[in-house]
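Please read these numbers as outputs of a predicted model, since none were measured by experiment. Letters A, B, ... are given to chains in the order of the sequence lines, protein chains preceding strands, and every chain is numbered from 1.
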Amino acid sequence: MPNAISELVSKRLTPMSANPVVTRFAPSPTGYLHIGGARTALFNWLFARGRGGKFLLRIEDTDRARSTPEATEAILKGLTWLGLDWDGEPISQFERADRHAEVAHQMLAEGNAYKCFSTQDEITEFREAARAEGKSTLFQSPWRDADPASHPDLPYVVRLRAPRDGQTVIKDQVQGDVTWSNDQLDDMVLLRSDGTPTYMLAVVVDDHDMGVTHVIRGDDHLANAARQMQIYHAMNWDVPVWAHIPLIHGPDGKKLSKRHGALGVEEYQAMGYAAAGMRNYLARLGWSHGDDEFFTDAQAKEWFGFDGIGKSPARLDFKKLENICGQHIASANDDELLSEIVAYQSAIGAQPLSEEKKSALYAALPLVKSGSKTFGQLLEKSHFVLGERPFTPDEKAAKNLDNVSRGILTELTPHLQNASWSRDALEAAVSAFAEANDLKLGKLAQPLRAALAGRTATPSVFDMMIVIGREETLARLADVKI
RNA sequence: GUCCCUUUCGUCUAGUGGUUAGGACAAUGCUUUUUCACAGCAUAAACACGGGUUCAAUUCCCGUAAGGGAUACCA
């Protein structure tokens, strides 16, 4: 009996970890890249990149009915937006079906697997009966020990001859030691009756062939790890280090649904979040490094490890996401910020900015980036350089442009005409005018703001005047003149 | 049904056999301010419950409850 060993034990971080790290992200292309998948990818990326290892991509497209090239495209696009770069070409699991079958046949030849001729109807019937009686629904194939001479000439599946005694323990980096009694694990199907490999087989073969050293994935796979380990053992292959991370839940604590959070990452891009902020927020969800909340990629790569990963599922909190993104926008380099904004606009299908507007926006970035949580807010705040004369004030701004205010602005205009065009001089001129007319600065600044930007949320009026220049400032004031 | 996992402020989390249980987001109030925002200060806010073990339990053990996951010829 090849599987007579009574205990299968996976390994912990072993001295093997001195070898180069190889991680992988293995999405199935049945839809967009959702936020949970994105975080799994991020963790794998962080772990590999922080250790000079490789981060590979494998598309698990063996489910032909549900897999689409569009979905693969969307996933790659999502990862690219998030800034998670992978090594080499993505591997198609489907294309490796021959190799998977080869391994299954090897197991068959070595007696670690067997042909099972039970039909699905028979199995279903068995399970229903077992459930009705409250007994274990684990299917025990009658063919496990059948004499090959008795095999009928019918379609069959290949099943693993799994150990029935003893236990299987996964030394998980996040969950700790998790133990299954082997009698809880049935003889899983390796090859379907049409000869195609099952996921369980394909994952193990691919991870092995790709040289994956650390498998970091959602804890919905924890139970799979136990079964997969039996395959590793049957093939006498090195077992990777496993880390099963808790899933992400929606804000209500329920499983993610379309209503809250289970959006494609491209939706997050369209909502105007900065990719760096997204990475930071996602990394912080379920992982921590002391009290650090805001950090760079370089820090995350250096700090990230299994120790900091929590065991309980985390909820999505858009407020915090916004806050973190705002901090990243504020601290971003202007050139990178500009190109990210351009990408954002194209993602939401907005008119691309002219070169002229782009440089105007670039000049305004230092003024608008500190208070903006999303690119949408940043752009809105930048209206004073992006809009065209004559500015149509929005509702709130219009309130600051009643006849009285416009009269005041008309009187103020000559003082600005004569002022030298520096921030200090302008501020002095406006303050002096306010004082002379017994006005509070705010009384004056609000209409001025409305005239210059047509908005109420803008940078300082003096900063705006510097950015748009004397001529434009005076022209905008002339536009609202009585 | 069976198996596995989880549980610290509303949320993300730090943390420890003896702490005033810390931080962040959100909330509230105040300060600053030419608006929004930013910033600063302050307030409120948590160890799921029940048993043990212990001089001492949020921390260790056992239950209970609640949540989640797995139980496929899906991935």
Side-chain angles (χ1 to χ4, degrees), chain A residues 26-30 60-63 65-67 93 116 119-120 123-124 127 130-139 155-159 170 172 174-176 178-181 184-186 188-194 196 198-200 202-203 218-224 226-227 244 246-247 249 251 253-255 281 284-294 308 310-324 326 330 368 370-373 377 380-381 396-397 400 427 430-431 434 440-446 448-450 453 455-462:
Chain A
S28 45
T30 53
E60 306 212 322
D61 50 358
T62 52
D63 185 340
R66 294 194 302 153
S67 299
Q93 187 161 67
C116 169
T119 65
Q120 287 190 68
I123 297 169
T124 308
R127 287 214 172 96
R131 181 171 300 250
E133 290 176 50
K135 289 199 276 197
S136 166
T137 56
L138 287 183
F139 178 66
Y156 59 87
V157 300
V158 174
R159 284 184 188 272
I170 299 293
D172 192 275
V174 175
Q175 309 289 342
V178 185
T179 305
W180 282 265
S181 175
Q184 294 293 331
L185 272 13
D186 58 7
M188 77 191 111
V189 172
L190 267 16
L191 242 35
R192 302 188 185 96
S193 49
D194 64 359
T196 59
T198 59
Y199 160 79
M200 220 51 101
V203 182
D219 70 9
D220 49 336
H221 286 284
L222 182 57
N224 291 339
R227 319 175 89 97
H244 289 93
L247 270 13
H249 289 171
K254 299 256 171 64
K255 216 179 154 176
Y281 175 73
R284 195 63 189 67
L285 209 53
W287 171 78
S288 62
H289 181 264
D291 283 337
D292 294 305
E293 300 282 351
F294 173 74
K311 297 172 93 170
S312 50
R315 303 183 189 196
L316 225 42
D317 181 352
F318 283 91
K319 293 281 192 190
K320 188 150 184 178
L321 206 208
E322 278 189 7
N323 179 280
I324 295 287
V368 297
S370 74
S372 305
K373 293 175 171 156
Q377 285 176 19
E380 179 58 24
K381 218 166 174 173
K396 282 189 205 157
N400 291 322
E427 186 159 4
V430 173
S431 299
K440 290 188 87 169
L441 189 53
K443 267 285 180 207
L444 199 46
Q446 288 301 71
L448 194 47
R449 182 185 319 282
R455 295 287 184 275
T456 52
T458 77
S460 143
V461 290
F462 308 113

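Residue contacts shown for A:Gly286 are limited to sugar-phosphate atoms, with no base heavy atom under 4.0 Å away. Heavy atoms of A:Ser193 sit under 4.0 angstrom from at least one base atom. Residue A:Gln175 is in sugar-phosphate contact alone, with no base atom involved, counting any heavy-atom pair closer than 4.0 Å across all strands shown. When heavy atoms are screened at a 4.0 angstrom cut-off, A:Asn224 is found touching base atoms of the nucleic acid. Residue contacts for A:Val157: at a heavy-atom cut-off of 4.0 Å it reaches a base atom on one of the strands shown. Counting any heavy atom pair closer than 4.0 Å across all strands shown, A:Lys373 reaches sugar-phosphate atoms only and no base atom. Nucleic acid contact for A:His221: base, since at least one base atom lies under 4.0 Å from a heavy atom of the residue. Within the 4.0 angstrom heavy-atom criterion, base atoms lie near A:Ala457. No contact: A:Arg455 has no heavy atom under 4.0 Å from any strand. Contacts of A:Pro27 with the nucleic acid, taken as non-hydrogen atoms under 4.0 Å apart, are absent. Residue A:Phe462 is classed as a base contact, given a heavy-atom separation below 4.0 Å to a base. Here A:Val461 lies in heavy-atom contact (under 4.0 Å) with a base.
Atoms NZ (A:Lys311) and C1' (B:C5) sit 8 Å apart, rounded to a whole Å. A:Lys319 has its NZ atom 7 Å from the C1' atom of B:A26, to the nearest Å. Atom C1' of nucleotide B:G1 and atom CD of A:Gln184 are separated by 12 Å, given to the nearest angstrom. Atom pair A:Leu316:CG and B:A26:P shows a separation of 15 Å (rounding to whole Å applied). One atom, CZ of A:Arg227, and another, C1' of B:G69, lie 14 Å apart when rounded to the nearest Å. The CG-C1' distance, from A:Asp317 to B:A24, rounds to 10 Å in whole Å. Taking atom CG on A:Leu247 and atom P on B:A75, their separation rounds to 19 Å, with Å as the unit. Here the C1' atom of nucleotide B:C36 and the CD atom of A:Gln377 are 9 Å apart, to the nearest Å.
By the 4.5 Å heavy-atom criterion applied to side chains, A:Leu222 and A:Gln175 are counted as neighbours. A:Ile170 is listed as a side-chain neighbour of A:Trp180, based on a closest heavy-atom distance under 4.5 Å. Side-chain contact between A:Leu191 and A:Tyr156: absent, with no pair of heavy atoms (C-beta onward) separated by less than 4.5 Å. Side-chain contact between A:Arg227 and A:Asp186 is present, with heavy atoms from C-beta onward closer than 4.5 Å. The closest side-chain heavy-atom distance from A:Arg449 to A:Gln446 is below 4.5 Å. With contacts defined as side-chain heavy-atom distances shorter than 4.5 Å, the pair A:Lys311/A:Asp219 does not qualify. Within the 4.5 Å cutoff, side-chain heavy atoms of A:Arg131 are placed close to those of A:Thr137.
Listed candidates were B:C5, B:U34, B:A26. Nearest to the side chain of A:Gln446 is B:U34. Of the candidate nucleotides B:U34, B:A75, B:A24, B:A24 has the atom nearest to the side chain of A:Glu293. Each of B:G22, B:G1, B:C36 was ranked by its minimum atom distance to the side chain of A:Arg131; first place goes to B:G1. The side chain of A:Arg159 approaches B:C73 more closely than any other nucleotide in the set B:A75, B:G23, B:C73. If you check B:U13, B:U34, B:C73 against the side chain of A:Arg284, the one that comes closest is B:U13.
Atom name P, nucleotides B:C5 and B:C9: the rounded distance is 22 Å, in whole Å. To the nearest whole angstrom, the two C1' atoms, one in B:C41 and one in B:U34, are 23 Å apart. Of the P atoms belonging to B:A66 and B:C61, the separation is 23 Å, rounded to the nearest Å. Rounded to the nearest Å, the gap between the P atom of B:G23 and that of B:A42 is 10 Å. Rounded to a whole angstrom, the distance from the P atom of B:C36 to that of B:U31 is 14 Å. B:C12 and B:A45 are spaced 15 Å apart, taking the C1' atom of each and rounding to whole Å. With both ends at atom C1', the span from B:A48 to B:U7 equals 7 Å, rounded to whole Å. Annotation: B:G10 and B:C47 have their C1' atoms spaced 16 Å apart (nearest Å).
Under the Watson-Crick or G-U wobble criterion, with both distances below 3.5 Å, B:C3 is paired with B:G69. In this entry B:U35 has no Watson-Crick or G-U wobble partner, no candidate having both defining distances under 3.5 Å. Base pairing of B:A75: no nucleotide in any strand meets the Watson-Crick or G-U wobble criterion (both distances under 3.5 Å). Checking B:G40 for Watson-Crick or G-U wobble geometry (two distances, each under 3.5 Å) identifies B:C30 as its partner. Of all nucleotides present, only B:C25 satisfies the Watson-Crick or G-U wobble test against B:G10, with each distance under 3.5 Å. When Watson-Crick and G-U wobble pairs are counted only if both distances are under 3.5 Å, B:A48 pairs with B:U64.
For A:Lys381 against A:Pro459, the heavy-atom pair with the smallest separation is O-CD, 3.7 Å.
In this structure, the side chain of A:Ser460 engages the main chain of A:Phe462 through a donor-acceptor pair within 3.5 Å. Under a 3.5 Å cut-off, the side chain of A:Tyr281 and the backbone N or O of A:Asp317 do form a donor-acceptor pair.
The base of B:C36 lies outside donor-acceptor range of the side chain of A:Thr458, with no N or O pair under 3.5 Å. Residue A:Arg449 places a side-chain atom within donor-acceptor reach of the base of B:U34, judged by atom type and a 3.5 Å distance cut-off alone. Contact annotation: side chain of A:Lys320 to base of B:A24, donor-acceptor pair present below 3.5 Å. At a cut-off of 3.5 angstrom, the base of B:U2 holds no donor-acceptor pair with the side chain of A:Thr137. With hydrogens and angles left out, the side chain of A:Asp219 and the base of B:G69 share no donor-acceptor pair within 3.5 Å.
Dashed line: the shortest gap from a side-chain N or O of A:Ser370 to OP1 or OP2 of B:A37 is not under 4.0 Å.
Nearest-nucleotide positions on RNA chain B for A:Asp220 and A:Thr179 put A:Thr179 closer to the 5' end. Each of A:Gly290 and A:Thr62 lies near RNA chain B, and the nucleotide nearest A:Gly290 is the one positioned closer to the 5' end.
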